[in-house]
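For reference, the structure is listed below as structure tokens.
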Number of protein chains: 2
Amino acid sequence: MFSLSDAEGSVSASELGRSLGVSTPSVSSMVRKLAALDLVAYVKYQPLKLTASGRKAAALVIRKHRLTEMFLVEKMGFGWEEVHVIAEQVEHVKSPAFFARMDKLLGYPTVDPHGSPIPSPEGTITDLRKHQKLSDRQPGEKVRIVGLAHSSNDFLLYLNERGIALKTALTILRREIYDGSLTVNYDDKKDVVLSKVVADKLLVE
Amino acid sequence: MFSLSDAEGSVSASELGRSLGVSTPSVSSMVRKLAALDLVAYVKYQPLKLTASGRKAAALVIRKHRLTEMFLVEKMGFGWEEVHVIAEQVEHVKSPAFFARMDKLLGYPTVDPHGSPIPSPEGTITDLRKHQKLSDRQPGEKVRIVGLAHSSNDFLLYLNERGIALKTALTILRREIYDGSLTVNYDDKKDVVLSKVVADKLLVE
DNA sequence: TTATAAAGTTAGACTAGTCTAACTTTAAAT
DNA sequence: ATTTAAAGTTAGACTAGTCTAACTTTATAA
């Protein structure tokens with residue numbers, strides 16, 4: 001629910017069911033159990049919303065997920081495209097000490113390997129929207145990649161092939177009016193063309 | 001089943017149920033499902049036994065458990081008394097790559113932090129019974145601790161308090177005929193008395 | 001303003017896993 | 001060899017979670 005929520009924090013039952021691989025009646029029945037636990041604000045026939053404590057619970061799971069991803073990359077040598085599926089399993093571990101130790105060994109990181117913020121132990125999550133899209137920057141500017149708006153496997157592999165990662169410094173050379181694609185330089189690469197679709201998903205500062 | 005098996009590789013349904021916190025009818029019904037998967041050799045009213053493939057499946061779970069325990073101690077700084085409960089959760093992670101990476105980072109260890117053997121990736125498990133108990137050794141002998149016959153939390157804390165760990169070298173000074181207790185020296189400790197109960201559980205070479 | 005399509009809910013069936021109570025088998029003891 | 005207590009199994013009920021089909025509500029659009 002947390003990750004599917006729109007700007008108002010709402011999800012439709014059907015969208016949730018689709019994403020969970022479950023029918024809408026199943027969503028209905030589960031959501032009412034979550035409402036009984038005060039995790040979901042449930043109003044019949046209305047879009048679903050998490051309560052404050054639901055959002056906190058979600059943030060704490062996301063915290064475990066992202067700490068794990070960071071640990072897998074930094075301490076175990078996995079690639080950023082490999083860690084999501086592993087972390088989805090490890091995040092179910094109950095032991096707070098386990099994640100506290102990861103946090104400490106990592107030096108209390110604030111973002112995961114894809115640049116997404118790691119919620120605090122209290123369940124506070126900083127908003128990523130303060131970052132700007134690469135596609136909004138102008139030719140001539142020099143920017144640094146600090147996050148990804150989405151991080152599907154295909155996208156991560158696309159970036160790997162081009163040697164683009166967090167902290168890569170890009171110089172914007174040109175923008176095509178027609179399709180919004182950008183031509184950029186970075187590291188030892190010259191005149192690399194990135195489509196608008198890609199530039200929209202690269203967050204920079 | 002694997003860990004409760006006696007010398008003949010058998011467990012009673014009631015013992016299994018007790019250890020799992022489940023009634024005997026539940027054991028019955030699960031065991032028949034495992035028999036359908038050829039993991040358990042099931043004969044009505046007879047003690048339960050794993051099949052060869054059941055033993056292999058069990059060994060592979062134990063492998064994940066013990067690799068995790070070793071990783072928690074060696075790479076994450078946990079104490080040997082803390083790792084069992086965490087590893088019980090982490091062992092459920094599916095990703096073979098995750099455990100393969102632990103194995104590699106640990107340098108392919110053969111025993112866990114309690115001296116118990118780590119099964120091979122093929123599911124072969126070496127027998128610990130080749131080790132001798134401390135209680136079978138004679139006064140005057142010098143021995144090294146290489147394993148524990150059991151590793152309950154209480155026992156591990158008992159050993160922590162006395163500074164006894166794997167690889168501790170002991171000199172046996174005296175054995176009491178009456179209760180079988182041993183007096184030993186090790187490190188900078190002198191004349192430490194270990195009861196027969198303790199000496200039975202310390203495996204040495 | 002009403003009709004209608006899309007979304008959500010209720011009803012009822014099914015499965016997996018658990019339980020207790022009643023019954024059967026095994027094996028230990030007279 | 002027979003009795004009997006312990007262990008195991010079967011029967012049947014219950015819960016949680018899922019589904020499809022039928023029904024209700026919402027909101028869009030004529």
Side-chain angles (χ1 to χ4, degrees), chain A residues 1-55 57-58 60-62 64-65 85 88-94, chain B residues 1-55 57-58 60-62 64-65 85 88-94:
Chain A
M1 282 187 63
F2 189 95
S3 52
L4 294 176
S5 294
D6 62 19
E8 294 87 48
S10 302
V11 214
S12 71
S14 48
E15 191 184 351
L16 188 51
R18 204 176 315 122
S19 141
L20 258 28
V22 124
S23 68
T24 45
S26 298
V27 171
S28 246
S29 93
M30 270 313 302
V31 139
R32 293 168 70 170
K33 289 177 190 176
L34 293 172
L37 299 171
D38 189 38
L39 296 171
V40 169
Y42 179 65
V43 182
K44 263 198 196 178
Y45 297 105
Q46 289 311 115
L48 307 171
K49 293 190 74 163
L50 290 170
T51 61
S53 79
R55 271 191 304 279
L60 292 176
V61 174
I62 291 169
K64 294 199 286 180
H65 181 92
V85 289
E88 263 189 327
Q89 309 222 348
V90 177
E91 77 190 22
H92 293 118
V93 170
K94 300 282 187 307
Chain B
M1 282 187 64
F2 189 95
S3 51
L4 295 175
S5 294
D6 63 17
E8 293 87 50
S10 300
V11 214
S12 71
S14 46
E15 191 184 349
L16 187 51
R18 204 174 317 122
S19 140
L20 258 29
V22 125
S23 69
T24 44
S26 298
V27 171
S28 246
S29 94
M30 270 312 301
V31 139
R32 295 168 71 169
K33 289 177 192 179
L34 294 172
L37 298 170
D38 190 38
L39 296 170
V40 169
Y42 179 65
V43 182
K44 262 197 197 178
Y45 297 104
Q46 288 313 116
L48 306 170
K49 294 189 72 161
L50 290 170
T51 61
S53 79
R55 270 191 303 279
L60 293 177
V61 174
I62 291 168
K64 294 199 286 181
H65 182 92
V85 290
E88 264 191 326
Q89 309 222 348
V90 177
E91 78 190 19
H92 294 116
V93 169
K94 301 281 187 307

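Quick note on labels: first sequence line is chain A, next is B, and so on, each numbered from 1.
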Checklist outcome for this item: Nearest heavy-atom contact between Met1(A) and Leu48(A) is CE-CB, 3.8 Å

Next on the checklist: Taking only side-chain N and O atoms of Ser14(A), does any of them lie within less than 4.0 angstrom of OP1 or OP2 on dA7(C)?
Outcome noted: no

Checklist entry - Under 4.0 Å between a side-chain N/O of Ser28(B) and OP1 or OP2 of dG8(D), yes or no? => result no

Next on the checklist: Looking at every non-hydrogen atom in both residues, tell me the closest pair between Leu39(A) and Ala57(A) and how far apart they are.
Outcome noted: CD2-CB, 4.3 Å

Checklist entry - Roughly how many Å is it from CE in Met30(A) to C1' in dT9(C), rounded to a whole number? => result 16 Å

Checklist entry - Choosing from dG8(D), dA21(D), dT25(D), which nucleotide comes nearest the side chain of Thr24(B)? => result dG8(D)

Checklist entry - Do any side-chain nitrogens or oxygens of Tyr42(B) fall under 4.0 Å of OP1 or OP2 in dT9(D)? => result yes

Next on the checklist: So, does Ser29(B) get its side chain near the phosphate of dG17(C), meaning an N or O under 4.0 Å from OP1 or OP2?
Outcome noted: no

Checklist entry - Does the side chain of Asp6(B) come within less than 4.5 Å of Val11(B)'s, by heavy atoms? => result no

Checklist outcome for this item: From CD of Gln46(A) across to P of dT24(D) the rounded distance in Å is 18 Å

Checklist outcome for this item: When rounded to whole Å, the CG to P distance for the pair Leu48(B) and dT25(C) reads 18 Å

Checklist entry - Nearest of dG8(D), dT20(C), dT18(D) to any side-chain atom of Ala13(B)? => result dG8(D)

Next on the checklist: At 4.0 Å (heavy atoms only), tell me whether Val27(A) reaches a base, stays on the sugar-phosphate, or touches nothing.
Outcome noted: nothing

Checklist entry - Taking only side-chain nitrogens and oxygens of Lys33(A), does any of them come within less than 4.0 Å of OP1 or OP2 of dG17(D)? => result yes

Item to check | Whether Lys49(B) side chain and Glu8(B) backbone form a donor-acceptor pair below 3.5 Å | outcome: yes

Item to check | Heavy-atom donor-acceptor pair, Thr51(B) side chain to Asp38(B) backbone, under 3.5 Å | outcome: yes

Checklist entry - Reckon Ser26(B) has a side-chain N or O less than 4.0 Å from the OP1 or OP2 of dG17(C)? => result no

Checklist entry - Roughly how many Å is it from CG in Leu16(B) to P in dA7(D), rounded to a whole number? => result 14 Å

Checklist outcome for this item: From the candidates dG8(D), dC19(C), dT9(C), the one with an atom nearest any side-chain atom of Tyr45(B) is dG8(D)

Next on the checklist: Tell me whether the side-chain N/O atoms of Lys44(B) come closer than 4.0 Å to OP1 or OP2 in dT10(D).
Outcome noted: yes

Item to check | Nucleotide dA16(D), atom C1' - distance to CG of Leu34(A) in whole Å | outcome: 14 Å

